[in-house]
Amino acid sequence: MRLFLWNAVLTLLVTSLSGALIPEPEVKIEVLQKPFICHRKTKGGDLMLVHYEGYLEKDGSLFHSTMAVAPPSYCFVAFPPRAKDGLVVFGKNSARPRDEVQEVVYFSAADHEPDSKVECTYISIDQVPRTHAIVLSRPAWLWGAEMGANEHGVCIANEAINAREPAAETEALLGMDLVRLGLERGTTAKEALDVIVALLEEHGQGGNYYEDAHACHSFQSAYLIVDREEAWVLETVGKYWAAEQITEGVKCICNQLSLTTKIDAQHPELRSYAQSQGWWTGEDEFNFSEVFSPADDHLDCCAGKDSLEKKEESITVQTMIDILRDKASGVCIDSESFLTTASVVSVLPQNRSSPCIHYFTGTPDPSRSIFKPFIFVDDVKLVPKAQSPCFGDDDPAKKEPRFQEKPDRRHELYKAHQWARAVIESDQEQGRKLRKTMLELEKQGLEAMEEILTSSDPLDPTEVGDLFYDCVDTEIKFFK
């Protein structure tokens with residue numbers, strides 16, 4: 001629609017000039033990137049869906065981009081009694097640019113020297129004396145994470161959102177950096193929230209959300225922060241924020257502001273700032289999403305909300321996995337610009353004698369991926385096959401100007417999964433058999449974890465320290 005509008009405006013400009021003609025600009029064609037693997041090349045008659053960006057010739061500034069929208073990711077949480085057997089169930093699909101690789105990484109708890117710094121994606125900040133053990137699913141080029149968990153049973157997921165106030169392009173903390181910082185420093189959901197908003201106040205948020213040298217894609221941030229007892233929905237605009245506490249039922253957040261009049265915590269200057277901008281009169285009831293959303297963009301957007309609320313049966317890990325795999329509802333994204341590049345489901349027993357279990361895919365498209373379990377113990381075996389290559393100080397994401405090159409960040413699990421996806425897409429019968437076997441492998445893992453959750457025996461750490469490692473190794477061997 002917008003493309004037709006631009007054409008109409010240009011036509012009007014040309015015809016309104018008295019006999020003057022605008023010279024036809026020279027079209028410049030440049031190959032910016034080629035895929036590492038191309039399973040099917042285009043041919044005559046194909047319908048091409050393309051991403052494009054428009055720049056002004058006079059100063060090179062970006063005037064339009066088809067990627068200038070927040071990717072449609074979804075986060076969920078369900079509390080007892082909606083969730084089964086005294087369990088809190090958390091889920092997240094991470095929608096990102098189609099060719100982006102996510103890795104699953106573990107960092108053990110660590111003590112740090114006084115006055116030391118931690119280098120985040122774009123800036124360095126003061127380190128704390130001790131950080132908790134964490135497991136993350138993250139775009140391989142950055143420091144933070146789209147989602148993750150820590151050893152204390154705290155889970156956090158991030159959503160990129162658009163708001164009435166444009167997000168800063170100046171490099172600061174990314175929303176994804178704040179996910180990791182909240183996990184490293186918070187022992188409860190509320191502690192993690194306090195960490196995030198304090199760092200937001202001190203350092204701000206901003207910078208490119210994508211590994212893209214040609215445009216800065218900056219967004220505001222929202223978070224779903226969950227532990228065994230409660231969840232917090234935190235939504236931010238610049239340094240300003242509001243939060244809602246959730247202790248029962250189900251909740252879904254996506255790539256739009258969702259908080260309305262129920263606000264349980266907020267920035268002390270939130271309402272006065274809204275008034276100073278002319279967005280709120282001070283007389284009407286304060287509705288966060290109506291005040292801070294772009295015009296006509298504060299409707300309930302969460303396609304997954306109905307998916308979760310309409311479930312009549314108790315919500316289990318399998319229920320959440322099925323929701324994340326649902327392409328018909330829009331929860332599982334597979335579009336011309338975006339793809340669900342990784343997913344996670346976590347189960348947090350309210351009985352503290354039972355371990356929290358976190359299921360990561362580490363691969364794109366949950367409908368064609370295996371959810372693999374991870375449990376925190378003292379000696380977790382690292383999984384290099386789910387980690388991307390490290391380029392150190394030579395990484396184009398660390399050098400300025402940034403992203404001048406795009407290295408191959410695929411890890412071994414990702415490469416094996418690429419082969420499996422190609423089979424599923426190209427050979428219907430073989431793909432059906434392959435997917436059936438993948439689901440059987442996943443089912444075995446789910447059943448083994450169910451036994452752990454229902455057992456009265458204490459967990460033996462030696463039996464689960466290499467759990468995620470073994471699952472990844474088995475998946476790769478199966479694909480080979």
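Values below: every heavy atom of this structure, side chains too, minus hydrogens, waters and symmetry copies. Note that the numbering runs from 1 along the sequence shown for the chain.
More than 12 heavy atoms of other residues, nucleotides or ligands sit less than 6.0 Å from atom CD of Glu440. Within 6.0 Å of the NZ atom in Lys443, the count of heavy atoms belonging to other residues, nucleotides or ligands does not exceed 12. Atom NZ of Lys433 sits in a sparse spot, with 12 or fewer heavy atoms from other residues, nucleotides or ligands closer than 6.0 Å.
In this structure His411 satisfies the side-chain hydrogen bond (donor to acceptor under 3.5 Å, both in side chains) test with no other residue, sequence neighbours excluded. Ala157 pairs by the side chain to side chain contact (heavy atoms under 4.5 Å, CB included) definition with Cys75, Phe90, Lys92, Met147, not counting sequence neighbours. By the side-chain hydrogen bond (donor to acceptor under 3.5 Å, both in side chains) test, Glu119 is found to be paired with no residue, residues two or more places apart in sequence or in another chain being considered. With sequence neighbours excluded, no residue forms a side-chain hydrogen bond (donor to acceptor under 3.5 Å, both in side chains) with Thr361.
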>> Working note: Cys356 + Arg228, criterion side-chain contact (heavy atoms from CB on, under 4.5 Å); need CA distance, chi angles, decisive distance, verdict.
In response: CA-CA 9 Å; Cys356 298; Arg228 296 176 189 254; 3.4 Å; yes
> Tyr209 and Ser221: side-chain hydrogen bond (donor to acceptor under 3.5 Å, both in side chains), yes or no, with the steps?
Replying inline: CA-CA 11 Å; Tyr209 258 62; Ser221 299; 2.7 Å; yes
> Could you walk me through whether Asn93 and Ser73 pass the side-chain hydrogen bond (donor to acceptor under 3.5 Å, both in side chains) check?
Replying inline: CA-CA 6 Å; Asn93 267 354; Ser73 297; over 6 Å; no
> Under the side-chain contact (heavy atoms from CB on, under 4.5 Å) criterion, do Phe219 and Glu159 qualify, and how do the steps go?
Replying inline: CA-CA 9 Å; Phe219 300 101; Glu159 294 285 349; over 6 Å; no
> Checking side-chain contact (heavy atoms from CB on, under 4.5 Å) for the pair Val233/Leu224: CA distance, chi angles, key distance, verdict?
Replying inline: CA-CA 5 Å; Val233 176; Leu224 184 58; 3.9 Å; yes
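By the 4.5 Å heavy-atom criterion applied to side chains, Thr260 and Ser289 are counted as neighbours. Val104 has its side chain out of reach of Val383: every pair of non-hydrogen atoms, C-beta onward, lies at least 4.5 Å apart. Looking only at side-chain heavy atoms (C-beta outward), Leu467 and Met449 come within less than 4.5 Å of each other. Proximity of Cys332 to Asp365: side-chain heavy atoms (C-beta onward) are separated by under 4.5 Å at one or more points. Between Arg96 and Tyr210 there is a side-chain heavy-atom pair separated by less than 4.5 Å. Taking 4.5 Å as the limit, every side-chain heavy atom of Phe79 sits out of range of all side-chain heavy atoms of Thr247. Taking 4.5 Å as the limit, some side-chain heavy atom of Glu169 sits within range of a side-chain heavy atom of Ser218. Side-chain contact between Pro71 and Ile333 is absent, with no heavy-atom pair separated by less than 4.5 Å.
In the model, Thr340 has no side-chain atom that pairs as donor or acceptor with a side-chain atom of Tyr74 under 3.5 Å. Donor-acceptor pairing under 3.5 Å is lacking for the side chains of Ser293 and Gln256. Judged purely by distance below 3.5 Å, without hydrogens or angles, the side chains of Thr121 and Asp177 pair a donor atom with an acceptor atom. Donor-acceptor pairing under 3.5 Å is lacking for the side chains of His132 and Thr187.
Asn150 contributes a side-chain N or O that, together with a main-chain N or O of Gly186, makes up a donor-acceptor pair within less than 3.5 Å. Without hydrogens or angle criteria, Glu100 side chain to Thr341 main chain gives no donor-acceptor distance under 3.5 Å. No donor-acceptor pair closer than 3.5 Å links the side chain of Asn158 to the backbone N or O of Tyr223. In this structure a side-chain-to-backbone donor-acceptor pair under 3.5 Å is missing from Arg368 to His417. A donor-acceptor pair under 3.5 Å links the side-chain atoms of Ser388 to the main chain of Arg409, judged by distance alone. When atom types are taken as modelled, the side chain of Arg421 and the backbone of Ser369 share no donor-acceptor pair closer than 3.5 angstrom. Asn208 places a side-chain N or O within 3.5 Å of a backbone atom of Ala215 that can act as its donor or acceptor partner.
Listed by first and then second residue, the ring pair (Phe, Tyr, Trp, His ring centres under 6.0 Å) pairs involving residues 460-480 amount to none (not counting sequence neighbours). Within the structure, salt bridge (Lys or Arg N to Asp or Glu O under 4.0 Å) contacts touching residues 376-391 (residues at least two apart or in different chains) are Lys385-Asp473.
Aromatic ring pairs are classed by plane angle as parallel below 30°, tilted from 30° to 60° and perpendicular above 60°; the pair Phe360 and Phe374 is perpendicular.
In this structure, Gln404 and Pro396 approach most closely via the heavy-atom pair N-CB, 4.3 Å. What you find for Gln350 and Pro80 is that their closest heavy atoms are OE1-CG, 3.5 Å. The shortest heavy-atom contact between Pro349 and Leu453 is CG-CD2, 3.7 Å. Taking both residues in full, the closest heavy atoms of Leu324 and Val344 are given as CD1-O, 3.6 Å, listed atom of the first, atom of the second, then distance.
One finds the OG atom of Ser354 at 8.0 Å from the CG atom of Leu87 (value rounded to the nearest 0.5 Å).
At least one test fails for Arg402 against the ring of Tyr122: distance under 6.0 Å to the centre or angle within 45° of the axis.
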